[in-house]
Amino acid sequence: MTHALLGCFTLNLYFLVAGLGILWGLRGWRSWGELIPFLGIAYVAGLAAVVVLATIVLVAGGGLSTLSILLVSLCVALVGVATGVARRRPRPRGFGMFWRPQGIGDWAGVMLGLLTAALLVAFFRVGRTQPLFAWDAWLFWIPKAKAIYFFGGLDEQLFRSLAAPSYPLFVPALDAMNFRFMGRADTTTLNVQYWLLFCGFLWAAAGLLRRLAAQWLVWLFLATAVVLPQLSDRLFLLLADWPLDMFFALAVLALVCWLETGERWLLGFYTLMVAAMLATKREGQILACALVIGALVATVRRRSTWLPIVGLALLAVAVNVPWRLWWMSRGLVADTPDGGLGNFRSWGRIWPGLHLVLELLFSYKLWLLPVPVAIAAATAALGRRRFELPVLYLVTTVLIIVGFAWVVWSDPRLPISTKQSQTPIPRAVGSIVLMSTILAPLLLQRLLASTQVREPALTSSRGVATTWEAAEGTR
Amino acid sequence: MTASVRRLVGVVLVAVSGIVLALQLPGTFRSFNDEAAANAKRAVDGGVGLSADSLDINNDFVTAALQAVPTTARYAVLGPPTAQIALDTYGISSLTLLALPDYMQTLLLPRRQVPPDRAGWILCYACDTSPWDGRTTWVWKNDQADAIGKVRR
């Protein structure tokens, strides 16, 4: 193993430790066996929390030295542990009962899980040696990261000279932290970071879905996520699109799971994911708005949920305000179309813009079929008494499509083109695809049958649901 | 829609998803293996060759700049006098010219890219070297009018 690779793994171990602290504070676990399915959630939560805090450190004029990264990670972990102690989380004892396959469905899930692992191993070999060549990556993402690494913080002179100077800092900060641990700005080994994030994403999704959908259904779609043609084409381009899409998909899933189970710890994860989305890319603002509005519409008969949905999203916005103040105070170019709300008078571009988004979203060649499958499942599930999940999914999807169409419509400099190099939309629609891929098991579960909830939740606010139908009865 | 119809829809959608995954698997494994093998070949020079090739920038020029210019140096990138000359005389496209300064900036960090009058090093990509010849020590040149030189102060 090279020094750079070892550094990358070490940094990610820090993220995991920080995330374990967060998870213990939010939820706790009674045995180490119970923790295993939640490791992905812990890792992604730790990564999101540490890197978002790192962006604040940068804005405050600090640098990302090994010591500061260690301190931020430790602080996150300790705050989580302190919260856990204050909330009297049980101390984990022994390995405890771990999930064992029962029946053909679970064994099919195991086989699909192994298939996913094999795909990820093959995918690792691609990323391990992929050079840097994506236009936006060398134009501004990587120079920003290198500047943070080489010059010890935000270098105003360089940022001012780069394209997209006001784009959020999450990805440059994450890349710079990797460079620090690698000991050099190794943009090839940096791909491993994004591979690890994708593995963490799949594990987190599996952890969230495991008590709400059958294992074979969950892993059928997680395996599908790995074979999406645009994933293998794009994950190792060192752009911010896939990280944004992963945080968004997990934010949606955490919110949906909270609406289904009432487990309040999921709201903490939702907040972290929204904060990471907003810190990753400007499109995160569209995605966050669409998700919040979609959730409000879906829960119109349960308005007690509105305060946490909106309030925690605003908290996630608040942690991103320092960066906005930094670039606005320096008069850098704004991160919205045309530096404002765009040109609304370009009426002639509305339909072509919408058509472009739909054409790219429903392209089998780019994305296979998770979006049509999830839309069909959600539409069929609308007839049931419990409509929150399909409504949330459909409204959020429609709003994102409208949002991306607005981007094309309002910025006449963007060509109406499906060419990947000319418009950000082919990358942007990945958010809907990934959300559809990990919500599809829940939506299809609705159509097929109810499923057993295997383990009681530790911190459910409304007691433990034993089946979907029982959960329905508690409302 | 009745429960049985919904279930039927669910079964059909699951079947379609399973078939799509099964159809996609062989090609995905094959493409992963092919890409990994191709990347391994390109990785000899840290991938610099491939990224420069993607912009049609001369690999030797990039490699020489990385080797010659000290990490604390300030440098400027100079291109051909006009885009027409670049294309007609050297076969350099406008895309290459557009990308060259930013690409070199990314690659050469922590070296600082500055305006020519403040530069200690000149990276000449088919540029007119005559204004610089008297006060520059050229440390690398090729037969395509690319040159790298240290400016004497």
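Every chain is numbered from 1 and lettered A, B, ... according to where its sequence line falls, protein lines coming before strand lines.
The candidate with the highest count of non-hydrogen atom pairs below 4.5 Å against chain A, out of B/Val14, B/Leu23, B/Asn33, is B/Val14. Put simply, of A/Leu119, A/Leu115, A/Leu162, A/Leu444, the one with the most heavy-atom pairs under 4.5 Å next to chain B is A/Leu119. For the set A/Leu112, A/Ile142, A/Leu158, the count of heavy-atom pairs under 4.5 angstrom toward chain B peaks at A/Leu158. The candidate from A/Leu368, A/Leu217, A/Asp186 with the greatest count of non-hydrogen atom pairs under 4.5 Å with chain B is A/Leu368. Heavy-atom pairs under 4.5 Å with chain A peak, among B/Val20, B/Val11, B/Val16, at B/Val20.
The contact between A/Phe123 and chain B is made by backbone and side chain atoms together, counting heavy-atom distances below 4.5 Å. Of the two parts of A/Phe221, only the side chain, counted from C-beta on, holds a non-hydrogen atom closer than 4.5 Å to a non-hydrogen atom of chain B. With a 4.5 Å cut-off on non-hydrogen atoms, A/Ala440 does not touch chain B at all. Residue contact with chain A, scored on non-hydrogen atoms closer than 4.5 Å, involves the backbone and the side chain of B/Thr106 alike. Proximity to chain B is limited to the side chain of A/Tyr364, based on heavy atoms less than 4.5 angstrom apart.
The one candidate from A/Leu120, A/Leu235, A/Thr437 that meets the side chain to side chain contact (heavy atoms under 4.5 Å, CB included) condition with A/Val226 is A/Leu120.
Side-chain atoms of B/Tyr125 come within 3.5 Å of backbone N or O of B/Asn58 as a donor-acceptor pair.
Of the N and O atoms on the side chains of B/Asp133 and B/Trp138, at least one donor lies less than 3.5 Å from an acceptor on the other residue. Counting only N and O atoms by type, the side chains of A/Gln193 and A/Asn178 include a donor and acceptor under 3.5 Å apart. Between the side chains of A/Arg128 and B/Asn39, no donor N or O sits under 3.5 Å from an acceptor N or O.
When side chains are defined from C-beta on, A/Leu238 does not count as touching A/Trp141, because their heavy atoms never get closer than 4.5 Å. Counting heavy atoms from C-beta outward, A/Leu228 and A/Pro370 have side chains that approach closer than 4.5 Å. No side-chain heavy atom of A/Phe150 sits under 4.5 Å from any side-chain heavy atom of B/Arg112. By the 4.5 Å heavy-atom criterion applied to side chains, A/Leu394 and A/Leu382 are counted as neighbours. When side chains are defined from C-beta on, A/Trp219 does not count as touching A/Trp216, because their heavy atoms never get closer than 4.5 Å.
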Given the rule in the side-chain hydrogen bond (donor to acceptor under 3.5 Å, both in side chains) test, do A/Asp106 and A/Gln215 qualify, once you have shown the distances and angles that lead to the verdict?
CA-CA 6 Å; A/Asp106 283 353; A/Gln215 288 302 297; 6.0 Å; no
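The stretch residues 67-81 of chain B places none of its residues near chain A, where near means some heavy atom under 4.5 Å from a heavy atom of that chain.
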